[in-house]
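Working notes for the structure below.
Naming convention: chains lettered A, B, ... in sequence-line order (proteins, then strands); numbering from 1 in each chain.
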Amino acid sequence: MKKFKLKKIDNKKKTFLYIFMIVVIYAIVMALTSAGIINRYYNGILITVCINLILVVSLNLTTGYLGQLTLGHAGFMAIGAYAAAYFSKTFMTIPQPFSFIIALLIGGVMAMIAGLIIGVPALRLKGDYLAIITLGFGEVIKTILLSMAIIGGAKGYIGIPRVTTFTSAYVFVIITIVFVCLLIKSRHGRAIISISEDEIASEASGINIVKYKIMAFAFAAFFAGIAGGIYAHYMGIIEPKTFGFNKSIEILVMVVLGGMGSINGAVIATIAITILPEMLRSLSQYRTLMYAVTLIGVMLYKYDPRVQVLMCKAKMFCAKINPFKRKEAK
Amino acid sequence: MELFLMQLLNGINIGAIYALIALGYTMVYGIAKLINFAHGEIIMVGSYTMFICIATFDLPVVLSIIITILACALLGVVIEKLAYKPLRNASRISLLITAIGMSYLLQSVFQLIFSANSKTFPQVINVSNVEIFNVTVSGNQIVTLFVAIFLMIVLDLFVRKTKTGKSMRAVSEDSGAAQLMGINVNRTISITFSIGSALAAVAGILYSSSYPLINPFMGSTIGIKAFTAAVIGGIGIIPGAVLGGFILGIIESLSKAYISSQLYDAIVFSTLILTLVFKPSGLLAKHKKEKV
């Protein structure tokens, strides 16, 4: 009984800590902006980080928690971006904050519908086949967008009001993360995780696999659509080729590097992968090379038995010298 | 009618190339359960090797082809040993990311060496055009088709008749049991990678002869298409890759001509989606029951 109570306090503390961090980060950014240290360039990077965070956290829902590999996340982002942009350009008269929010919601809902359309047949497939069908779906969306003259085609869709600010992007990041966290902690979330652990066993335990798979798929698509809308209203111009296979892979890499099914890891990996290339601008020629080497290196490093032994020893050593060590409950 | 025949021929031409590449994908998938995203880059490397051999060193065509094939086969084995072998017991997604990393690595290395600009591929196939039923068949198409079919027959005989081929089939069926029977799994996997890469090298030369502009990123598009072909036929199944390749090539070429010159990629990938919806593991796949 005592143990249970202790844990509860810990959780409360954690929640408080997270809220505190959210506020502090926002305050720091705002203070630096008004002091002029964060200029337009840095502001752009911060907004890109926010957009990537939404994408990564939402993909984490399908790939990390549900355990279904998808390679077409950028396709949902594209649908959201184009739908939101189309709305904003058509209804220019609606006053600004409302118009932006409605546009984002429309982008999200359109992406969600697309997610359902592809999700229902695709979820019959398993593993690599699901990955392939989502890859194909992403390419289909890109090609169709390329051929539609009404939204600019290959030249890009121009003249979207540039209303995304750091504040709005940040708010949507928080909403996404909180939503995914709450979902995962809920009954539905546990069902989703159980599917990734063992599909047959969870089906035998009475979990409606199809329902939960579609649910995770639809939510992930919804948030990807919102991220697309934010992106469109940040750039002011969107091109179909931005949302290709490479973008989907970029998001997937962030999810995998952060650790599948870990929000904290995903956030750290996203921030690192988005900011590092900007810092290495002087080495721009070698950027892709370094990126590739890092990818292979991290994967090899993670699974090399010698490295694993070293990591274990390091962990034990750290635990030994850790002055803040908590006493083990007996 | 003539237009139709011409487009059909174009489709068979590109389909044969897709089929050759798809064979590499399917063999590697069958044996290592890995979507080898770096396979497309082998095509690019093959084209560049051929380009260097002929344009820079001025070697005879046959010798250049042999060098290209050997170089690509070696590259395939090196990639497998360096990047995939240590991860054989890792999760599938880590392998996938490593393969993607490999593909980026090859692209960026070739971009650093040769710059991102396209280079013109030298003409290596000098066969005159033939006219059949008022339709001109170019020398390229004849050579492509013959080479592709020849290689497919050789591969089929190799996989069915030789001891190495048998061990390849055994490993793809059940690598654990194959190892217990005394098959050297590591060697078999290396051989599979080298054969797949050699086929990709040939496909690269044939492709660049038909579409003679090469750049460091050419591999990814052809690679994804060929991979789609392998999946349509049923990934892991060798005749499936050939069937898928030809189907995809013909669909692509006919939809380019008759439906839309912009939407053909969408049609190609919709074919993939529809195939998977109705035949969840490809056209030629056998239905496998899932065991608890």
Side-chain angles (χ1 to χ4, degrees), chain A residues 63 67 69 71 118 120-122 124-144 146-148 153-154 198-201 204 244-246 249 252-253 255-257 260 285-305, chain B residues 29 33-35 37 82-109 111-112 220-221 224-225 227-228 230-232 235 260-278 280-282 290-292:
Chain A
T63 301
L69 180 59
L71 296 176
I118 185 66
V120 173
R124 281 179 58 205
L125 305 170
K126 289 223 172 73
D128 293 332
Y129 287 98
L130 182 73
I132 296 152
I133 206 171
T134 48
L135 189 163
F137 180 67
E139 293 298 307
V140 169
I141 291 178
K142 195 182 87 182
T143 320
I144 290 176
L146 268 173
S147 69
M148 279 168 77
D198 190 329
E199 214 165 289
I200 301 171
F245 176 61
N246 283 340
I249 293 295
L252 181 70
V253 163
V255 172
V256 176
L257 285 191
M260 307 237 289
Q285 278 180 284
Y286 301 102
R287 249 184 348 187
T288 356
L289 185 67
M290 290 195 310
Y291 182 59
V293 171
T294 316
L295 275 189
I296 302 171
V298 168
M299 291 300 147
L300 289 181
Y301 174 83
K302 209 170 132 192
Y303 286 97
D304 192 331
Chain B
Y29 187 89
K33 294 285 171 287
L34 157 74
I35 306 177
F37 273 109
L82 274 184
Y84 302 152
K85 198 180 159 210
L87 294 175
R88 212 166 279 163
N89 297 320
S91 70
R92 300 277 285 282
I93 194 160
S94 308
L95 255 177
L96 187 80
I97 299 281
T98 316
I100 290 166
M102 239 339 155
S103 134
Y104 284 163
L105 181 71
L106 289 174
Q107 277 179 15
S108 55
V109 166
Q111 192 192 348
L112 284 176
S220 58
T221 328
I224 288 182
K225 288 251 181 75
F227 176 55
T228 308
V231 176
I232 287 179
I235 194 155
S260 159
S261 58
Q262 278 182 318
L263 278 175
Y264 69 93
D265 264 356
I267 295 167
V268 164
F269 288 109
S270 307
T271 317
L272 167 79
I273 295 175
L274 285 179
T275 314
L276 284 187
V277 166
F278 292 108
S281 28
E290 202 173 340
K291 284 182 200 154
V292 181

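We find the CD-OG1 distance between B:Q107 and A:T288 to be 8.5 Å, quoted to the nearest 0.5 Å. Atom OG of residue B:S220 and atom CZ of residue A:F245 lie 8.5 Å apart, to the nearest 0.5 angstrom. Expressed to the nearest 0.5 Å, how far CD1 of B:I235 lies from OH of A:Y129 amounts to 6.0 Å. Between A:M299 atom CE and B:I93 atom CD1 the span is 8.0 Å, to the nearest 0.5 Å. Note that CD1 of B:I100 and CG of A:L252 are 6.5 Å apart. Values are rounded to the nearest 0.5 Å. Taking NZ of A:K142 as the reference point, atom CZ of B:F269 lies at 8.0 Å (rounded to 0.5 Å).
Legend: residues meeting side-chain contact (heavy atoms from CB on, under 4.5 Å) with A:L300, ordered by chain and number and at least two apart, are A:I296, B:P86, B:L87.
For the set A:V298, A:L289, A:L295, the count of heavy-atom pairs under 4.5 angstrom toward chain B peaks at A:L289. In terms of heavy-atom pairs under 4.5 angstrom with chain A, the leader among B:L272, B:I273, B:I224 is B:I273. Taking B:V277, B:I97, B:V231 one by one and counting their heavy-atom pairs under 4.5 Å with chain A, the maximum is reached by B:I97.
For B:S270, the parts sitting under 4.5 Å from any heavy atom of chain A are the backbone and the side chain alike. Heavy atoms of A:N246 lying under 4.5 Å from chain B belong to its backbone as well as its side chain. Heavy atoms closer than 4.5 Å to chain B are found in the side chain of A:L135, but not in its backbone. Both the backbone and the side chain of A:V253 come within less than 4.5 Å of a heavy atom of chain B. Only the side chain of A:M260 comes within contact range of chain B, with heavy atoms under 4.5 Å apart. Only the side chain of B:L112 has a heavy atom closer than 4.5 Å to any heavy atom of chain A. With a threshold of 4.5 angstrom between heavy atoms, A:L69 approaches chain B through side-chain atoms but not through N, CA, C or O. Residue A:F137 touches chain B through both its backbone and its side chain, counting heavy-atom pairs closer than 4.5 Å. With a threshold of 4.5 angstrom between heavy atoms, B:L96 approaches chain A through side-chain atoms but not through N, CA, C or O. Interface remark: A:I249 contributes side-chain atoms only to the contact with chain B (heavy atom separation under 4.5 Å). Heavy-atom distances place the side chain of B:I35, and not its backbone, under 4.5 Å from chain A. Only the side chain of A:T63 comes within contact range of chain B, with at least one heavy atom under 4.5 Å from a heavy atom of that chain. Proximity to chain B (any heavy atom under 4.5 Å) is restricted, for A:L71, to the side chain, taken from C-beta onward.
Using a 4.5 Å heavy-atom threshold, the side chains of A:I132 and B:F227 count as touching.
Residue pairs that meet the salt bridge (charged side-chain N to carboxylate O under 4.0 Å, His left out) test with at least one member in residues 262-271 of chain B, sequence neighbours left out, are B:K225-B:D265.
Here the shortest heavy-atom pairing between B:G101 and A:A292 reads O-CB, 3.4 Å.
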